[in-house]
Amino acid sequence: MIEKHTKLYNYAGSKEIKNAVANYPIGIQIQSKQDINNWIYSTNQGIDNSGFIICTFVIDLEGYLCIADRHSEHVACSGGNPVFSAGEIFFVPNKNEYEIAEISNQSTGFCPEPDSWFSVSQALDRIPLNHPGEFTMNFIFRRCVKCGLLNLVKENLFVCADCNTELPKNWNCNLP
């Protein structure tokens, strides 16, 4: 189970997307390396041009890694539930199993902070699965307090892409 001081993220994306994927299958909970192999095989996941199998992931309410096809929404992967983290995970084949080559917190549905890595590392260690020790790509999300737009902060510029209002330095991505 995730430690109590870890932050839980509610869905922060559009209600239209959440409603549209309400009946989609939820992500598969990963408790072992074999679960990854089974999921990749049973869902016919293909290796992309870069040599990776890229998946959507969340860390569920029980602290487990859950994965789904990359083209699915994080809110569908979570079954509509809050998560401890979310993003994309890049698996690379190595002998008879898969390793993590890259992992990010890229989820505009939940907008997890880079600090959510703590819950990701706990979930990966419990499998156990080797990992890079941190997100290989970090994303910072903020909601504009003036127009409500969800922003991806780039180059440390905390300015709304729509109305140029200064964005808060602290996470504020919950739905208004």
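Numbering starts at 1 and runs along the sequence shown. Small disclaimer: the values here were computed from a predicted structure and weren't measured.
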Check whether any side-chain heavy atom of C144 lies under 4.5 Å from a side-chain heavy atom of N151, and answer yes or no. yes
If hydrophobic clusters are built by linking Ile, Leu, Val, Met, Phe, Trp and Tyr wherever their side-chain heavy atoms come under 4.5 Å apart, do L61 and I127 end up in the same one? yes
Closest heavy-atom pair, P168 versus V145, reported as atoms and distance to 0.1 Å, is CG-CG1, 4.1 Å
Would you say C66 and I26 make side-chain contact, with heavy atoms under 4.5 Å? no
Check step by step if side-chain contact (heavy atoms from CB on, under 4.5 Å) holds for Y98 and V92. CA-CA 5 Å; Y98 292 87; V92 64; over 6 Å; no
4.5 Å side-chain heavy-atom contact, I36 and F91: yes
Do you know the tightest heavy-atom contact between K18 and V75? CG-CG2, 3.9 Å
When you measure from the side chain of W117 to the backbone of N138, do you find a donor-acceptor pair of N or O atoms at a distance under 3.5 Å? no
Keeping the roles fixed (side chain from D35, backbone from S32), state whether a donor-acceptor pair exists under 3.5 Å. yes
hydrophobic_cluster_shared for I40 and I47, side chain cutoff 4.5 Å: yes
Count the heavy atoms of every other residue, nucleotide or ligand shown that sit under 6.0 Å from CD of E134, and state whether that count exceeds 12. no
Ring-ring centroid check Y9 F84, cutoff 6.0 Å: no
I'd like to know if the side chain of E97 pairs up with that of N37 as donor and acceptor (distance under 3.5 Å, no hydrogens or angles considered). no
Would a distance-only check, ignoring hydrogens and angles, find a side-chain to backbone donor-acceptor pair under 3.5 Å from R142 to L167? no
Audit row: F139, S104, side-chain contact (heavy atoms from CB on, under 4.5 Å) steps and yes/no: CA-CA 8 Å; F139 294 89; S104 77; 3.9 Å; yes
Please determine whether the number of non-hydrogen atoms from other residues, nucleotides or ligands lying under 6.0 Å from atom CG of N94 exceeds 12. yes
Flag the pair F118 / T6 as yes when at least one side-chain heavy-atom distance between them is below 4.5 Å, and no otherwise. yes
Evaluate T56 against H74 for side-chain hydrogen bond (donor to acceptor under 3.5 Å, both in side chains), listing each step before the verdict. CA-CA 7 Å; T56 294; H74 289 95; 4.6 Å; no
Let me know which of I28, V120, L124, V58 forms a side chain to side chain contact (heavy atoms under 4.5 Å, CB included) with L65. L124
Please determine whether the number of non-hydrogen atoms from other residues, nucleotides or ligands lying under 6.0 Å from atom CD of E166 exceeds 12. no
Can you hop from I103 to L152 via hydrophobic side chains spaced under 4.5 Å? no
What one should report as the nearest heavy-atom pair of A12 and L150 is O-CD2, 4.2 Å
Which pair of heavy atoms, one from E73 and one from V21, lies closest together, and at what distance? CG-CG1, 4.0 Å
Strictly distance-based, threshold 3.5 Å: is any side-chain N or O of S78 a donor or acceptor partner for the main-chain N or O of G80? yes
Here the pair of heavy atoms bringing S107 nearest to F110 is OG-N, 3.1 Å
Residues two or more places apart in sequence or in another chain: which of them pass salt bridge (Lys or Arg N to Asp or Glu O under 4.0 Å) with K146? none
Kindly compute the distance separating CG (N10) from CG (N81), expressed to the nearest 0.5 Å. 10.0 Å
Once you round to the nearest 0.5 Å, how far does CD of E99 lie from CZ of F90? 16.0 Å
Check whether I59 and W39 end up in the same hydrophobic cluster, where Ile, Leu, Val, Met, Phe, Trp and Tyr are linked by side-chain heavy atoms less than 4.5 Å apart. yes
I100 and N130: CA distance, side-chain angles, deciding distance, side-chain contact (heavy atoms from CB on, under 4.5 Å) verdict: CA-CA 7 Å; I100 298 173; N130 289 334; over 6 Å; no
Are M137 and F141 joined in one hydrophobic group, where the rule is that I, L, V, M, F, W and Y side chains link up if heavy atoms are under 4.5 Å apart? yes
Matching residue for I30 among N38, I67, D60, I89 - test: side chain to side chain contact (heavy atoms under 4.5 Å, CB included): I67
R126 charged N/C atom sitting above Y64 aromatic ring, 6.0 Å / 45°: yes
Spatial distance of atom CZ (F57) from atom CD (E88) [nearest 0.5 Å]: 9.0 Å
Evaluate the side-chain proximity of R70 to Q45: yes if any heavy-atom separation is below 4.5 Å, no if none is. no
Do V83 and L8 touch side chain to side chain, with heavy atoms closer than 4.5 Å? no
Sidechain-backbone polar pair: D125 side chain, P128 backbone, donor-acceptor under 3.5 Å: no
Over all heavy atoms of both residues, which pair between P112 and N105 is shortest? Give the atoms and the distance, please. O-ND2, 2.8 Å
With a 4.5 Å cut-off on side-chain heavy atoms, are W171 and C111 touching? yes
Check whether any side-chain heavy atom of F135 sits under 4.5 Å from a side-chain heavy atom of S116, and report yes or no. yes
